[in-house]
Amino acid sequence: MKDGYGRVIDYVRISVTDRCNLRCVYCMPEEGVKVLPHEAILTYDEIERICRAMAKLGVKKIKLTGGEPLVRKDLPELVRAIKALPGIEKVTITTNGVLLAERMDDLAAAGIDAVNISMDTTDPELFAQVTRVGRIDAVMDGLKAALSYPEIPVKINCVPVTSEKENFVNMARLAKDYPVHVRFIEIMPIGYGKQFEFHNEDSIRAVLESEFGAFTPCHEILGNGPSHYYSVEGFRGKIGFISSISHKFCEQCNRVRLTAEGFLKTCLQYETGNDLRAVLRNGCTDEELEEVISRTIAGKPISHNFNEEKIAPEECRSMSQIGG
Ligand code: SAM
Ligand code: SF4
């Protein structure tokens, strides 16, 4: 399936819930989080139906995200159902890792193809500050549970929340100690992220190269999209960067997003998209659903413009509502 600018769209990020068991400072408020009522959230049958339609239109890869996807009951059932759809090649998850130790066996049995764990620091005190309620030990247990399945690739996502060089170095060191790729994600000015200091790829890389030696660009494709990776001498995993602000990659964008309440979002920055929940609950046929999805994707904006003039109404949802 192509959008109006000829980009192939074969990847969908699906938020299965807006709820979360952490309160990361750049993503959610500390208190007074408004959660959607259960009936507002797409059921697993509705998500599966949308995935079936998308697979018919050429989508091959699905990422389950949230909020925290593992707080939704029976998630492995959804993994199994989507994996069984003709045309779907990979179903992966992005999680904060807190519940991963207890859920990893079921996810693996359901056929999960890769696991991304979000962890911004290895320091217990800083982790508790950043997540407001989290314990790093639980996430490390989750990481180890994921690594007990060597056939399932594991990546770590780090939003640099402090300018302390030591934190960048300690996070990168995880790729030395474990067979995981560690990716540094530039914070985006969306929702609560607007208030935070921005650390760009070049400054982080300079710190890491002075500690670990020169990085070698790696041209292997290691995931669904926009990260680029470097090999580092003596490291078991690669170091990656997702630099949506300093190294914009919209011309290669291959993705759309589905929010927990079924809004098909075509660009992270803008509100542009369509309410698929309304379409489904109004009793559409499969053909009508496919037609709405293709029409929505055809209207995908050409790019985000975080620091420039806006080309459409800007998104007011927070990352926990969108799915990152
Ligand atoms: N709760 C899960 C987790 O944390 O992995 C999945 C949802 S979370 C919204 C997905 C990703 O978005 C996480 O890696 C998180 O760090 C990232 N994120 C949240 N707010 C962000 C922002 N303003 N800029 C960049 N990344 C952000
Ligand atoms: Fe929850 Fe993920 Fe947002 Fe942190 S980044 S508050 S874990 S949804």
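Reckoned from all heavy atoms, side chains included, excluding hydrogens, waters and symmetry mates. Each ligand, and each atom within it, is numbered from 1 in the order the structure gives.
Annotation: the span from I14 atom CD1 to K63 atom NZ amounts to 11.5 Å, rounded to 0.5 Å. Interatomic distance, D74 CG to R72 CZ, rounded to the nearest 0.5 Å: 9.5 Å.
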Go through the steps for M104 and V115 under the test side-chain contact (heavy atoms from CB on, under 4.5 Å), then give the verdict. CA-CA 9 Å; M104 188 61 209; V115 176; 4.0 Å; yes

Take N96 and V139 through the test side-chain contact (heavy atoms from CB on, under 4.5 Å) and record every step on the way to the result. CA-CA 7 Å; N96 60 32; V139 183; 5.9 Å; no

Determine whether F184 and H199 satisfy the following criterion, ring pair (Phe, Tyr, Trp, His ring centres under 6.0 Å), listing intermediate values before the conclusion. CA-CA 10 Å; F184 292 90; H199 300 283; over 10 Å; no

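Shown here are the ring pair (Phe, Tyr, Trp, His ring centres under 6.0 Å) partners of F127, two or more places apart in sequence or in another chain: there are none. Scored by the ring pair (Phe, Tyr, Trp, His ring centres under 6.0 Å) test, F215 finds Y230 as partners (sequence neighbours excluded).
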Between ligand 1 and the protein, tabulate every N or O atom pair separated by less than 3.5 Å, reporting distance only.
| residue | atom | partner | partner atom | Å |
| --- | --- | --- | --- | --- |
| ligand 1 | 1 (N) | G67 | O | 2.9 |
| ligand 1 | 1 (N) | E68 | OE1 | 3.3 |
| ligand 1 | 4 (O) | S118 | OG | 3.4 |
| ligand 1 | 5 (O) | T95 | O | 3.4 |
| ligand 1 | 5 (O) | S118 | OG | 2.5 |
| ligand 1 | 14 (O) | S118 | OG | 2.7 |
| ligand 1 | 16 (O) | Y26 | OH | 3.1 |
| ligand 1 | 23 (N) | M188 | O | 3.0 |
| ligand 1 | 24 (N) | M188 | N | 2.8 |

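Legend: protein N/O/S atoms lying under 2.8 Å from atom 1 (Fe) of ligand 2, waters omitted, number 1.
Summarising the local packing, CD of E166 is surrounded by 12 or fewer heavy atoms from other residues, nucleotides or ligands at distances under 6.0 Å.
For K61 and D113, the salt-bridge test fails: no basic side-chain N is under 4.0 Å from an acidic carboxylate O.
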